[in-house]
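A quick write-up on the structure given underneath.
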Protein chains: 2
Amino acid sequence: MKPIPTRTVERLFRYGQLLHAKKEAGAEAVFSRELAQAVDVSPEQVRRDLMNFHLKGTPQQGYPVEQLLRKLYEHLETQAATKIALLGVGNLGKAILSYFLRRRPNLSIVAAFDTDPEKAGRVYAGSQVYHISQLEKIAARENITVGVITVPAASAQQSADLLVKAGIRAILNFAPTQLQLPREIYLENIDITLSIEKAAYFSRKSGTDRRHGK
Amino acid sequence: MKPIPTRTVERLFRYGQLLHAKKEAGAEAVFSRELAQAVDVSPEQVRRDLMNFHLKGTPQQGYPVEQLLRKLYEHLETQAATKIALLGVGNLGKAILSYFLRRRPNLSIVAAFDTDPEKAGRVYAGSQVYHISQLEKIAARENITVGVITVPAASAQQSADLLVKAGIRAILNFAPTQLQLPREIYLENIDITLSIEKAAYFSRKSGTDRRHGK
DNA sequence: AGAGCAACGTTAATTGATTCACGTTATTTG
DNA sequence: CAAATAACGTGAATCAATTAACGTTGCTCT
């Protein structure tokens, strides 16, 4: 299988959203133009993306929703259940726990961790909260592969190190710090403050129609 | 003044973070290599970025921290206070209100809005909560230029329309929807679920060392 | 059945961002 | 004070991603 560029993967997931909606609505076919609009790219871009894993559409009808969706999920391996750990049960951590609860059937935050012994033992938004010292044990037991960091910037690197030691393969980091990680770990950063700063910056600039965001 | 690419602007903000820390620590000069490491790019990239607004460094010393920081802030207009409105006082909205409280001196969320009349009139994390019907009036009065959307996907477009009507210039959207907006409004998307999905996807792929995230 | 068309698949061209490579410059050292 | 050096500034090359262009295909309509 050929490696698909990161940007493309992102769009594929987004196509999936629309496809799902279309399927629910009973539509049998979808045009590149529709997918394009939903993700704010050109139709050519969509067709090119779908080319990546050879799925033929036809003129007049476009692509068969059912089939496309199946192939998409197959490639994105959305079937495989992924277990996630969240580190840092503060305001943001809690929000993500409740926000994310049952949002995707195959992704679940199975455990949350904090340094505060007060928080350990409790259950928040369906997730058991453990003391951070339990991370390695529980990650191994539950086969957790993804970690979410919502701790303060000062302890983010330390949290990341713990996650790596616990054998996770990917990290989603909300702390405003550049984490140093082994090359084989996938890192995705979400820096909310940075995003607000960018928005503020461009709000002052004249009509630049740039569209961004993970 | 020449327009600076979005990607570059993002890095400039991040250089700012390190520079601020360096200044606090009393350092007078900084090398491109240091900035590069802090943001995980090459030193050449850093020098090229700084080229954009002609600030000369010297070999041996690198760039003068104080001066660079001043010029950076000047360009990024970090001085200008920006007022922000947040729509949707749910879990995520509340988390952002408290998370963001006094994080940046010149950016402040001056008002929060919700459709729930129960929430109106209360104060959350230093922000007054109003009913959504007050948006246009208050946005005008307070000169709010940036909107943050933390409402459910179903009402995100509606919220965006209201923000546009209220005269804001930039939107930070947390809802998993592609908003349709006039070209002159800057849009930045943060889709947490999508990011987790990406992390899950790449956690299954072999050692791709990609670094991403706004 | 043939003409028209609307959307697909793909190659080619373009654009933009990043990296390379190298000449330049200001110290530091023998 | 000349030589070495370490980092800067920048043109050129590379690389990746997007857009343009166009031949192909399979309906639809007369």
Side-chain angles (χ1 to χ4, degrees), chain A residues 2-15 18-19 22 27-65 67-68 71-72 178 198 208-214, chain B residues 2-15 18-19 22 27-65 67-68 71-72 178 183 198 202 208-214:
Chain A
K2 51 272 121 180
I4 293 183
T6 316
R7 288 282 190 70
T8 304
V9 169
E10 190 175 313
R11 286 192 295 266
L12 292 180
F13 276 112
R14 305 227 275 153
Y15 299 149
L18 177 70
L19 287 173
K22 280 241 128 190
E28 294 194 355
V30 64
F31 294 117
S32 59
R33 186 163 36 77
E34 298 176 82
L35 289 161
Q37 228 168 3
V39 177
D40 196 30
V41 295
S42 69
E44 293 86 349
Q45 180 79 75
V46 174
R47 296 205 293 273
R48 179 169 291 282
D49 286 343
L50 298 186
M51 250 179 74
N52 273 305
F53 46 101
H54 314 95
L55 192 136
K56 304 275 167 176
T58 70
Q60 317 307 318
Q61 258 81 41
Y63 302 90
V65 172
Q67 211 174 322
L68 178 51
K71 207 140 197 187
L72 211 58
Q178 184 60 43
K198 274 201 289 177
T208 43
D209 62 322
R210 300 152 186 278
R211 294 294 143 95
H212 279 273
K214 341 318 105 270
Chain B
K2 53 269 122 183
I4 293 184
T6 315
R7 288 283 190 71
T8 303
V9 169
E10 190 175 312
R11 286 193 295 267
L12 292 179
F13 276 113
R14 306 228 274 153
Y15 300 150
L18 178 71
L19 286 172
K22 281 240 127 188
E28 294 194 356
V30 63
F31 294 117
S32 58
R33 185 164 35 76
E34 298 175 82
L35 288 163
Q37 229 169 2
V39 177
D40 196 30
V41 294
S42 68
E44 292 86 350
Q45 181 78 75
V46 173
R47 296 205 293 272
R48 189 164 288 280
D49 286 342
L50 298 186
M51 251 178 74
N52 273 305
F53 46 100
H54 315 94
L55 193 137
K56 304 275 168 178
T58 69
Q60 317 306 316
Q61 258 82 41
Y63 302 90
V65 172
Q67 212 174 322
L68 178 51
K71 207 138 197 191
L72 210 58
Q178 183 60 43
R183 281 267 170 269
K198 275 201 289 177
F202 286 111
T208 42
D209 62 321
R210 299 151 187 278
R211 294 295 143 95
H212 278 274
K214 336 308 96 236

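Just so it is clear: chains get the letters A, B, ... in the order the sequence lines come, proteins before strands, and each one is counted from 1. Values below: every heavy atom of this structure, side chains too, minus hydrogens, waters and symmetry copies.
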Could you state the atom-to-atom distance from [atom1] of [X] to [atom2] of [N] in whole Å?
{"X": "A:Gln45", "N": "D:dA20", "atom1": "CD", "atom2": "P", "answer": "12 Å"}
{"X": "A:Glu10", "N": "D:dT18", "atom1": "CD", "atom2": "P", "answer": "10 Å"}
{"X": "A:Arg11", "N": "D:dA16", "atom1": "CZ", "atom2": "C1'", "answer": "12 Å"}
{"X": "B:Ile4", "N": "C:dA17", "atom1": "CD1", "atom2": "C1'", "answer": "15 Å"}

Exercise for the section: Sequence neighbours left out, what passes salt bridge (Lys or Arg N to Asp or Glu O under 4.0 Å) with B:Arg11? Give chain and number order. Expected result: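 So B:Arg11 forms a salt bridge (Lys or Arg N to Asp or Glu O under 4.0 Å) with B:Asp49.
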Practice task
Identify, with sequence neighbours excluded, every residue that meets side-chain contact (heavy atoms from CB on, under 4.5 Å) alongside A:Pro43.
Solution key: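 side-chain contact (heavy atoms from CB on, under 4.5 Å) list for A:Pro43, sorted by chain: A:Ser32, A:Ala36, A:Arg47.
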Handout entry: Set of residues satisfying side-chain contact (heavy atoms from CB on, under 4.5 Å) with respect to B:Lys56, sequence neighbours excluded
Key =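 Here no residue qualifies.
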Fill in the blank from the handout: The side chain to side chain donor-acceptor pair (under 3.5 Å) partners of B:Glu44 (sequence neighbours excluded) come to B:Ser42
Practice task
Report the residues that fulfil side chain to side chain donor-acceptor pair (under 3.5 Å) with B:Thr58, sequence neighbours left out, ordered by chain and then residue number.
Solution key: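 Side chain to side chain donor-acceptor pair (under 3.5 Å) list for B:Thr58, sorted by chain: empty.
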Exercise for the section: List the protein contact pattern of nucleotides 4-12 of chain D with one symbol per nucleotide (5' to 3'): B for base contact, S for sugar-phosphate-only contact, - for none; contact means a heavy-atom distance under 4.0 Å. Expected result: -BBBBBBBB
Problem - Taking every non-hydrogen atom, the tightest pair across B:Val65 and B:Leu19 - result: CG1-O, 3.8 Å
Handout entry: Phosphate-side-chain proximity, A:Arg7 and C:dG16, N/O vs OP1/OP2 below 4.0 Å
Key = no
